[in-house]
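Below, read A as the first sequence line, B as the second, and so on, with proteins coming before strands; counting in each chain starts at 1.
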Protein chains: 2
Amino acid sequence: MGRKQTKSGKIRLTEVAKLAGVSPITASRFFRNPEALSLSKRERVDSAVKELGYVPNLAARALASHRTEVIGVVIPSLTNNVFADVLRGIYDSSEGSRYTIQLANTRYSILQEEKLLRLFRAQKPAGLIVTGINQTAESRTILESMNCPVTQIMEIGDSPVDMMVGFSHYDAASAAISHILEQGRRRIGFLGARMDPRVQRRFEGYRDAMKAASLFDPNLIVTTSVPTTVTLGGTLFADLLAQTPDIDAVFCVNDDLALGVLFECQRRQISIPRDLAIVGFNDLEFTAAAVPSITSVRTNRYEMGRHAVTMVIDAIEGRRPQTPVLDLGFQLVVRESSTRQSTVMAGSVGID
Amino acid sequence: MGRKQTKSGKIRLTEVAKLAGVSPITASRFFRNPEALSLSKRERVDSAVKELGYVPNLAARALASHRTEVIGVVIPSLTNNVFADVLRGIYDSSEGSRYTIQLANTRYSILQEEKLLRLFRAQKPAGLIVTGINQTAESRTILESMNCPVTQIMEIGDSPVDMMVGFSHYDAASAAISHILEQGRRRIGFLGARMDPRVQRRFEGYRDAMKAASLFDPNLIVTTSVPTTVTLGGTLFADLLAQTPDIDAVFCVNDDLALGVLFECQRRQISIPRDLAIVGFNDLEFTAAAVPSITSVRTNRYEMGRHAVTMVIDAIEGRRPQTPVLDLGFQLVVRESSTRQSTVMAGSVGID
DNA sequence: ACAATTATTGACAGCGCTATCATCGGATTG
DNA sequence: CAATCCGATGATAGCGCTGTCAATAATTGT
């Protein structure tokens, strides 16, 4: 294909139409709505496209049609492994479709988010995927004025802007705490970093579960707004230990912190799980390999990315989902760090 | 700003020009080459833009000017932490510029890379950033026919397509092996996964350093084409141990493998560094937190991303770099896993 | 002072595609 | 068999911006 391309000048839709013996507008329709063409013309245009190696000019298309084929994606972090998985799902799903992904990073700043959304609006994207449900009022207004399908990802809640895919961080944290309580632990510490809205919700799940068991104690809690690192996990744990030496378990808002705690325990000769149970969140790959392996909450991030794109594309093309909010659930993966036996317990109902 | 926007219809450049009392083409120049305007007109257009909340139509601009303001970025993986850092640098650097990043993922497939490059070429990007120096002949041809600045990242070599930013994986691996040898270790194992071209080059650095010391032995090597995981590190190490029980050190092509080895050693009660030295690669954050902390090779990935974008933008705008190949070097970060004392030794000369 | 040069500015004509509406057979219908 | 409808196709007219080149104003040299 494309052998004429180099020979002569540019291949425009006009050239394709000429070769196929149809009008340019018919050739145009071949791309947008092939079913509208008679079989014979469809085939003629198809072979002309291949013969000439025609590639559509997206700028011209966007200008004439007043729309782009861009799906904007707004995420808070490029470093966080969690988003890498989501992004992989997003890119995988968009591949093969006509849509292009445009990525933007808020760095957890809601002002930056507003700015980015404004930028996106100016570009008239075909669809939008945004992280979380805690947009500012202004951001919500922008999203609602977008005039394109919007999917919120990572968590679910009432009043979606449009559609949602995610899971309940509150429930996931509650499930983790229930598990720890079932193991007979009573003094369960909470370690949190960054404290973005989703982490906040995990905290609430922890808090309410502890209160329900009449075990809540502010001294069990250590948090910081500093971004998560493994090293930080160790530091926070040291702080917790200094503050409340009699803890018998720690719930970490993510696996990196949990790994940091594990290392710190090795340093201090605290035996896991004998002296202390550790539970993480996200089920990153290393949790299974650690010694002891770390109990964590698996979330279906790759699937989340895939679904988000599918939902947006479907909506763009008029196939609105039956229900706008999709709960992908979670699974508590019990490993050695919180018990002796390794099993998997299902969380809320997923898709899979 | 933008208060007229909602009131009446679309704000086009014409409207701005009218309000500023200039011709549309002058208003257009305000964006492309403000220095060409007289101060008075420049100010008038500027305030008209703000007054009307004008936002340029990028599609129209691209169509009329035959160029886009897109910088394409081709990377092999979205999952690999290493690329997350590079991407962060890329996005950070592109912010504030007029250019937009368009990301594409080859998944380590050179055919996919060819396909993506063809796609990019059709879109006439303003610049391109591609990973590595091992493009197929076909890919190189496409890159050379791009007619835009191209920067190859992650490694350096002779014969850049255009520009390069990276470091020598060969030298970095050699430096790591030299260090291990200096510690008095002689039976140094090599653990490799994925074996992409850069990993291959690290292997060559290992191989040649071992040969130079007359210590090379094929039985010291275990590799696989399977993607890296922490768990895999443990598995490969077990294989190595079965194959060659008398090893006294392991060089892992990345930190995930090294962590896996560390865990496997904990499982087998192999004392680090007494019985075995471990050295990783990339200096991911957890290496410093591990117990014992893991010696690794620090590479300047974030800077690499930043430089790549800067170089491309500079080249687009006619400011070609003095030298097309930028070596960002590496630093061997010596930690407990390979010695008793913790120090940093400088590798090849960096920028910083 | 006047031609030559250089900064500013503008007119014109598209870029390549698609929205819109018109057209035109042929199938459907009573 | 005329009236009606529908599917398939085409003609026209831009979308909003910038490349090109010409025109004009300001500046300079001799």
Visitor: At what distance, to the nearest 0.5 angstrom, does CD1 of B/I90 lie from CG of A/L103?
Guide: 11.5 Å
Visitor: Measure from CD on B/Q123 to P on C/dG16 and round the result to the nearest Å.
Guide: 16 Å
Visitor: Could you state the atom-to-atom distance from CG of A/N33 to C1' of C/dT18 in whole Å?
Guide: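 Taking CG of A/N33 and C1' of C/dT18, I get 13 Å after rounding.
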Visitor: Would you mind telling me which of A/R42, A/R44, A/K50 makes a side-chain hydrogen bond (donor to acceptor under 3.5 Å, both in side chains) with A/D46?
Guide: A/K50
Visitor: Send over the distance from B/L63 CG to C/dA13 P, rounded to a whole Å.
Guide: 18 Å
Visitor: With no hydrogens and no angle check, just 3.5 Å: does a side-chain donor-acceptor pair link A/E114 and A/Q135?
Guide: no
Visitor: Does a side-chain N or O from A/R61 land closer than 4.0 Å to OP1 or OP2 of C/dC17, or not?
Guide: no
Visitor: Hey, which of A/V325, A/I129, A/T151 is the one that makes side chain to side chain contact (heavy atoms under 4.5 Å, CB included) with A/V165?
Guide: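 Between A/V165 and the candidates, side chain to side chain contact (heavy atoms under 4.5 Å, CB included) is satisfied uniquely by A/T151.
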Visitor: Can you say whether the rings of B/F83 and B/Y108 are parallel (under 30°), tilted (30 to 60°) or perpendicular (over 60°)?
Guide: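 B/F83 vs B/Y108 ring planes: perpendicular.
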Visitor: Should A/R32 be listed as having a side-chain N or O under 4.0 Å from OP1 or OP2 of C/dC17?
Guide: no
Visitor: Need one value for B/R67: base, sugar-phosphate or nothing, where a base atom within 4.0 Å counts as base even if backbone is also close, heavy atoms only.
Guide: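 The residue B/R67 makes sugar-phosphate contact but no base contact.
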Visitor: With distance as the sole criterion, is a donor-acceptor pair present between the side chains of A/T79 and B/R88 under 3.5 Å?
Guide: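 Judged by distance alone, the side chains do pair up.
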Visitor: Sub-3.5 Å donor-acceptor pair from the side chain of B/D314 to the main-chain atoms of B/R319, do we have one?
Guide: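 Not a single qualifying donor-acceptor pair exists.
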Visitor: For chain A and DNA chain D, what are the first and last nucleotides along the strand, 5' to 3', with at least one atom under 4.0 angstrom from a heavy atom of the protein chain?
Guide: D/dA8 to D/dG16
Visitor: Could you tell me whether the side chains of B/S109 and B/T106 share a donor-acceptor contact shorter than 3.5 Å?
Guide: no
Visitor: Identify each atom pair where a protein N or O and an N or O of nucleotides 6-9 of chain C are less than 3.5 Å apart, giving names and distance.
Guide:
| from | atom 1 | to | atom 2 | distance (Å) |
| --- | --- | --- | --- | --- |
| C/dT9 | OP1 | B/S38 | OG | 2.8 |
| C/dT9 | OP2 | B/S38 | N | 3.0 |

Visitor: Whole angstroms only, please: what is the CD1-C1' distance between A/I11 and C/dC15?
Guide: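 Spelled out: CD1 on A/I11 to C1' on C/dC15 is 16 Å.
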Visitor: For A/N57 and C/dG16, give me the distance from atom CG to atom P, rounded to whole Å.
Guide: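 So the CG-P distance, A/N57 to C/dG16, works out to 7 Å.
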Visitor: Among all residues two or more places apart in sequence or in another chain, which pass the side-chain contact (heavy atoms from CB on, under 4.5 Å) test with B/R98?
Guide: B/R61, B/E69, B/E317
